[in-house]
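Numbering of ligands and ligand atoms starts at 1, following listing order.
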Amino acid sequence: MSWDTVELDVEDGVATLTVDRPDRLNALNLETLAAIEEALAAAEDGDARALVLTGAGEKAFVAGADIEYMRDLSTPEAQAYAELGHRVADAVETFPAPAIAAVNGYAFGGGCELALACDLRVASERAVLGQTEIDLGIVPGWGGTQRLPRLVGDEVARRLIFFGERVDATDALEYGLVGEVVAHDQLDGYVAEMASELASKPAFALRAAKDALNAANETSQAAGLAYERRVWSGLFGTHDQREGMAAFVEKRDPEFE
Ligand code: COA
């Protein structure tokens, strides 16, 4: 499926969503953000078991919100834009399967925030990431002030946001902003393999794991632990639980649903 600036490809349970606006380094204007929202819904309807987000072209993952579009926004217009950006990031974060950001180049501002909303981030050696909003006279507006400190810790998040630092892939790995760095020409294949391995895992259990991990950011530890107990016991009796354990005991490969 495709929109003017977004491509969605679903194959063997893996949905790959590509922001396709390379002449603007995949910057997210209103139309592109709205298309991402629709593409995420389509991927969910298509029963995707893993989601990959990436950017078209050789230079950028997503170079951020569209600065040209934003420059003259009024406060109510900016609020509507922020709400859409938040809806998109939330839809990625709560997507019912693991989401991987294949960070193939620049990921600034809203682009970095889109990657932050994913479950996992793999960067190419050419990636450069940053919450650069401060130098535009604003702050991260699509979740960065909340998701960044949870991922990299408060001190590093404050440094990144206050200085608007642009960090290369090596520093991003050191900060914990990405989980892995691979050679640029291997990124797509590497992430496709990860996604396909995830798509072969028990989907319902993966979704439960994602929900429980997400809950850790939302609740007290006691409430989170209670949630984990419910999720864990709720998986008993599912096909994949019965099959996964039977296969182990019978010393054979499992066949998941
Ligand atoms: N919004 C709108 N347009 C953008 C954009 C953005 N976030 N990022 C890049 N573009 C446009 C450029 O204006 C340029 O347009 P032009 O060809 O009409 O001049 C085109 O994309 C190519 O970018 P350019 O700056 O020429 O490429 P570069 O390789 O020299 O630099 C960046 C790339 C990413 C370092 C630089 O474009 C940049 O700093 N962008 C802004 C990043 C940012 O602050 N994002 C956060 C927004 S909240």
Side-chain angles (χ1 to χ4, degrees), residues 3-7 17-37 53-93 101-118 121-149 151-152 156-172 175 177-178 181 184-185 187:
W3 291 254
D4 279 353
T5 52
V6 171
E7 285 280 334
L17 191 161
T18 306
V19 180
D20 187 11
R21 209 184 165 217
D23 56 319
R24 314 305 290 173
L25 303 187
N26 304 322
L28 302 176
N29 58 3
L30 210 51
E31 186 202 16
T32 306
L33 262 185
I36 296 176
E37 190 177 34
L53 293 190
T54 195
E58 279 303 300
K59 282 171 88 172
F61 172 70
V62 167
D66 191 310
I67 301 168
E68 205 174 316
Y69 167 73
M70 283 191 295
R71 60 183 288 189
D72 292 323
L73 293 185
S74 64
T75 290
E77 287 165 340
Q79 189 167 351
Y81 193 36
E83 274 163 14
L84 179 56
H86 273 251
R87 279 209 307 279
V88 166
D90 289 351
V92 172
E93 189 172 66
V103 185
N104 56 323
Y106 299 122
F108 296 135
C112 192
E113 288 167 305
L114 203 55
L116 287 174
C118 290
R121 284 146 292 277
V122 183
S124 108
E125 284 166 343
R126 287 195 209 160
V128 188
L129 299 95
Q131 295 297 161
T132 53
E133 292 88 345
I134 201 73
D135 292 320
L136 297 167
I138 56 171
V139 298
W142 297 348
T145 63
Q146 306 303 305
R147 292 192 178 98
L148 187 62
L151 184 67
V152 301
V156 172
R158 281 172 201 265
R159 282 172 183 274
L160 290 173
I161 291 173
F162 290 169
F163 289 98
E165 195 188 339
R166 297 173 180 222
V167 295
D168 65 17
T170 310
D171 286 346
Y175 284 151
L177 183 51
V178 300
V181 178
H184 185 73
D185 60 358
L187 180 70

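Considering both main-chain and side-chain atoms, R24 comes within under 3.5 Å of ligand 1 through a nitrogen or oxygen pair. In terms of N/O distances under 3.5 Å, ligand 1 is approached by R166. For a threshold of 3.5 Å applied to N or O pairs, the pair formed by G109 and ligand 1 contains no separation below that value. Residue I67 has at least one N or O atom closer than 3.5 Å to an N or O atom of ligand 1.
Between F61 and G111, the shortest heavy-atom contact is CE2-O, 3.3 Å.
Within the 4.0 Å cut-off (strictly below), a protein heavy atom is located near atom 46 (C) of ligand 1. Within a 4.0 Å radius of atom 15 (O) of ligand 1, the protein contributes at least one heavy atom. Distance screen at 4.0 Å: atom 12 (C) of ligand 1 has no protein heavy-atom neighbour inside the cut-off. Distances from atom 23 (O) of ligand 1 to the protein include at least one heavy-atom value under 4.0 Å. Protein heavy atoms are found less than 4.0 angstrom from atom 27 (O) of ligand 1. Closer than 4.0 Å to atom 36 (C) of ligand 1 lies none of the heavy atoms of the protein.
Formation of a donor-acceptor pair under 3.5 Å by the T5 side chain with backbone atoms of R21 is not found in this model. For the pair N26 (side chain) and A56 (backbone), a donor-acceptor distance under 3.5 Å is present. Judged by distance alone, with hydrogens and angles left aside, the side-chain atoms of H184 form no donor-acceptor pair with the main-chain N or O of A127 at under 3.5 Å. Side chain of R121 to main chain of A101: no donor-acceptor pair is present (N/O by atom type, distance under 3.5 Å, no hydrogens or angles). In this structure, T18 contributes its side chain and D20 its backbone to no donor-acceptor pair below 3.5 Å. Between the E113 side chain and the W142 main chain, a donor and an acceptor come within less than 3.5 Å of each other. Between the side chain of N104 and the main chain of S124, no donor-acceptor pair closer than 3.5 Å is present.
Atom CG of D171 is separated from atom CZ of R166 by 14.5 Å, given to the nearest 0.5 angstrom. Distance check, rounded to the nearest 0.5 Å: CZ of R24 to CD1 of I67 gives 10.0 Å.
Scanning the protein for heavy atoms near atom 5 (C) of ligand 1, the closest one is A27 CB, 4.0 Å. Annotation: atom 20 (C) of ligand 1 to nearest protein heavy atom, D23 O, 3.5 Å. Ranking the protein heavy atoms by distance from atom 29 (O) of ligand 1 puts K59 NZ, 2.7 Å first. Counting only heavy atoms of the protein, atom 25 (O) of ligand 1 lies nearest to L25 CD1, 4.8 Å. Closest to atom 42 (C) of ligand 1, if we only count protein heavy atoms, is A63 O, 3.4 Å.
Considering V167, T145, L148 as possible partners of Q131, the one that fulfils the side-chain contact (heavy atoms from CB on, under 4.5 Å) test is L148.
One option in G85, P22, A65, G110 has a heavy atom closer to atom 7 (N) of ligand 1 than any other, and that option is A65.
At a 4.0 Å cut-off, not a single heavy atom of L28 sits close enough to ligand 1 to count as contact.
By the criterion of a heavy-atom distance under 4.0 Å, the side chain of T132, and not its backbone, is placed next to ligand 1.
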